[in-house]
Amino acid sequence: MELSKNFIPGETEIKWNEHWKNKGYFNSTPDDRPAYTVVIPPPNVTGVLHMGHTLNETVQDILVRKARMSGFNACWVPGSDHASIATESKVVQMLKDLGIDKNTLTREEFLKYAFEWKEKYGGIIYNQIEKLGCSVDWNRVTFTMDDHYYKAVIKVFVDLYKKGLIYRGARMINWDPAAKTALSDEEVEFKDVTGKLYYLKYYLDSAGVIPPSGEQEGGSFITIATQRPETIMGDTAICVNPNDERYAHLKGQYAFVPLINRRIPIIFDEYVDPTFGTGALKVTPAHDINDYNLGLKHNLEVIDTLNEDGTLSEAAQIYVGVERFAARKKIIAELAEKDHLLKEEEYPSRMGYSQRSGAVVEPRISTQWFLKMKEMAEPALNAVVGGSIKIHPGDKFLATYKYWLENVKDWCISRQLWWGQQIPAWYDDKGNVYVGETLEEALKNVSSESGVVSEDKTHSSQLTTHNLTQDADVLDTWFSSWLWPMEVFNGISQPDNNKEYYYYYPTAVLVTGQDIIFFWVARMIMAGMHYKNEKPFSDVYFTGMVRDKQGRKMSKQLGNSPDLLDLIEKYGADAVRFGIMISSPAGNDLLFDEASLEQGRNFNNKLWNALKLLKMWEGKQSNEQGIVNSEQSVPGVFAPSPSEGSGVRPNFAINWFQNRLNEVRSELENMYAQFKLSEALKTVYSLIWDDFCSWYLEWVKPGFEQPIEADVYKKTVEFFEELMQLLHPFMPFISEEIYHLLSQKEDDLCVKQFGKMEAADKSILAEGELLKNVITALRDARSRNQLKPKETIKLHILSEKKEVYQPIENILAKQVNAESIHYVNDAVADTTVVAIEKDKFYIESEKQIDKTALKETLLKDLEHQKGFLISVQKKLGNERFVANAKPEVIDLERKKQADAEARIQTIEESLATL
RNA sequence: GGGAGCAUAGCUCAGUUGGUUUAGAGCAUCUGCCUUACAAGCAGAGGGUCCGCGGUUCGAACCCGUGUGCUCCCACCA
């Protein structure tokens, strides 16, 4: 079989994706094995996967594949989120481009467009997930507006309403004037901005009757500082601190709102900070949460001067219909003109922006539906604080989580949109509310606007379904996503006798971004605790944010957000997965650089070439399995003395690598347990590249034109297979491909179970290290003496423990290109000497050696050793150290001392021979 | 304003309850190699006052205090 020069990912990926799918490997049904369930954080249905998703999905796939290969019934549920605001605004924009105004459509017409849009673009993310190699169960695809899911959301709403946890009321909420909907507190993002503080004159009504004219002179006034002069028309009071002597004389007085000359009272409240601004505050209950509270306390009128689209309303009297920020400019100009503007100054402040539309959020009083959070929060808090849900990495987020839940406010769950689950509440013309999963059911559950649920038969008998109108609003997207881990198994819609629900829930681990800890993670825990009295997942793994290599957030404007499919096209899915994982320290932000994908591609190539090497050997094996004696041994393969009794002769390289594998497998288990996936990948990478390719394969490599011993070949193939298995969760395609190319097989790697773990033999590993050190040191010496790789040397070893070197001398000779190895008892003249521990290696070559350079190297080493010896001696000379330190620590120090002394002696002797 | 976290090689990070050498890895850099798997490679090397200061300890990158500089989260001061 002819193998291509380099690994070609494209075809391989398609081939294995199809094969895996045909075999149904990733489809899960409950069985006797323990379940390992992961639910994907559902991406927006019409979105595309960005690098953050790529990281997320890769992490999940690694965990799921590892579990699948470790005896678990792995089930990874894919799906997508209807993302009400995001999708609706996209659809509205699409309609606009077609020349259609949403307002001219009926709800049904609009939803028809929206579903068409969803059908058209909803498949993109699924395609990307598949291309990336994600081993999800495609039979379980769930969308948050699927029929059963829709019903589940409605069911939960009705249930919580009946329990008195959901209520409707007029409150100050965050209003998005662009999307024209209410937002939850979490959907508002604050940014620092430099605003301006305007100092305005409010003339006092000393006489109590006559409104001052605009150009009034000499009249007394009170100065108010405000950032938002366009809201003055909504002012209904001026407030000062009762202890502020400057304003004590204003008790019972009134002032006039500039421009419109409305008369407002001056009130006193300790809320006002006398040291801030002028110590006097204008109170606008309709447009500021604090003012709203003050208004409630002092029974002030509420004048809403803004329309829902952010333009000034009729109530403003002036600039009606003008957009709020344009109105601000005009009002400032008019205030200045009419001598109401004393001064303006720069002022740093924070402004709230809508997470979705980017519009500046307007505090607004509005009637909305709310979920009481205190009751929901406590079990969710205990689940994490009590340790039954573990957050990774560490407990970096524990404090944040705890603080949020302890101070959580009620959740505004209604949205003035059409795309989503419509609130199952109906109203009659008397203001009564009927809540139920269906209209018929709702009729049985009438309640007054603010009242409690009652079974009022008189109402229901008089009313028919025609008299009622359903609430036009839909529910917040997160009010559906918080049921995700349950409802993907129909746990809410059909909880009874639901085998799957009991088998798969709670899920194993949730992998998500730390930015949605409140939106989603905390609320899923709430829903889980409330409806199943069981956590939704045992572990939460937070990935960091993906940034570009300069540390900037990825964004369309900057053009630094690469297209996933382009990257897969260019480097291959395995390389993309490798690249993003290798640069991804758990929980920290990741600086994305295409260079790491190149590294992944290069790694593919390395694997491919190792495969090619083995395929070359495959046809060239010696048949005398286990019979060849050491004198006739295949060059390059060391054949040590037969092990007692067995007749099978272990080979040092094989023995060493077997133990390296054992050692690394146990390290990997620890890393997986701690979700240190990036480190795990690094470990596998290094095991393959360094230990296997650079050392092991070179050690067992037969000489030119020589066959490889059949046993050795067989073992090497097994090692390679085992390495592919370790690599598989990270790089599924190439590992599966190589696994099949190595030998004919019936099974597939993606479902091959890991073998038993074996303990590693430390002494063999130590011997391997010694061998590597000797080889490296000798190569370094060669390099310093400018010996060409082809120039051979004669190696003389001066050691008290020949028996250590004899078994590995074949390997050693080959690795340092020595034509012979001799053991000596004295220094060899005119050679380069290398000292390792207590042993000396003399390199004899035809080339003249550079004594100066050699001397320099030895002196440098000597200096280092002496310095080290002093530090050790200092320690051991310290009585208190000897008295207090643990015996094993002292022994270690003594050994260090002895070693250092021996080495110093070796080096000095070597110097003497020069 | 409240809270959390970070600071180790040019860059990105490891460094397990304080003692396995005078601190490791990958990338980048430098040197030598077209060696019959791989130049997307091989071999080798250089590079660090573990942010500053103080303390605890026989012993500190690690624990404590303090200063400096970053990052994030939360919060209604006009």
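In what follows, chains are A, B, ... by sequence order, proteins preceding strands, each numbered from 1.
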Presence of donor-acceptor pair under 3.5 Å, side chain of [X] and base of [N]:
| X | N | answer |
| --- | --- | --- |
| A/Glu698 | B/A43 | no |
| A/Arg601 | B/A40 | yes |
| A/Lys612 | B/C38 | no |

Assign [X] to base, sugar-phosphate, or nothing according to its heavy-atom contacts below 4.0 angstrom with the strands shown.
| X | answer |
| --- | --- |
| A/Asn884 | base |
| A/Arg350 | base |
| A/Lys874 | nothing |
| A/Ala885 | base |
| A/Thr400 | sugar-phosphate |
| A/Lys896 | sugar-phosphate |
| A/Asp273 | base |
| A/Asn6 | base |
| A/Leu591 | sugar-phosphate |
| A/Cys693 | base |
| A/Trp617 | nothing |
| A/Phe276 | base |
| A/Val882 | nothing |
| A/Ser694 | sugar-phosphate |

Take atom [atom1] of [X] and atom [atom2] of [N], then tell me their distance rounded to the nearest Å.
| X | N | atom1 | atom2 | value |
| --- | --- | --- | --- | --- |
| A/Glu667 | B/A25 | CD | P | 15 Å |
| A/Glu679 | B/U12 | CD | C1' | 13 Å |
| A/Asn605 | B/C42 | CG | C1' | 14 Å |
| A/Gln599 | B/C13 | CD | C1' | 13 Å |
| A/Asp192 | B/C77 | CG | P | 11 Å |
| A/Asn407 | B/G3 | CG | P | 13 Å |
| A/Lys676 | B/G15 | NZ | P | 5 Å |
| A/Asn773 | B/U21 | CG | P | 13 Å |

### Query
What is the pairing partner of B/C77, taking Watson-Crick or G-U wobble pairs with both distances under 3.5 Å in any strand?
none
### Task
Go ahead and name the base partner of B/G44; Watson-Crick or wobble counts if both distances stay under 3.5 Å, otherwise write none.
B/C30
Just checking, is any N or O donor in the side chain of [X] or [Y] under 3.5 Å from an acceptor N or O on the other one?
| X | Y | result |
| --- | --- | --- |
| A/Thr400 | A/Lys402 | no |
| A/Asn174 | A/Asp185 | yes |
| A/Tyr571 | A/Asn604 | no |
| A/Glu345 | A/Tyr198 | no |
| A/Gln815 | A/Trp699 | yes |

Does [X] place a side-chain N or O at less than 4.0 Å from the phosphate oxygens OP1/OP2 of [N]?
| X | N | result |
| --- | --- | --- |
| A/Lys790 | B/G32 | no |
| A/Tyr347 | B/A78 | yes |
| A/Lys606 | B/C42 | yes |
| A/Thr776 | B/G44 | yes |
| A/Lys553 | B/C72 | no |
| A/Lys788 | B/C33 | yes |

### C1'-based separation of B/A61 from B/G48 [nearest Å]
11 Å
### Query
Is the cationic atom of A/Lys191 (NZ for Lys, CZ for Arg) positioned less than 6.0 Å from the six-membered ring centroid of A/Tyr353 and within 45 degrees of its normal?
yes
### Task
Examine A/Lys196 relative to A/Tyr347 and say whether NZ or CZ is less than 6.0 Å from the centre of the six-membered ring and inside a 45° cone about the ring axis.
no
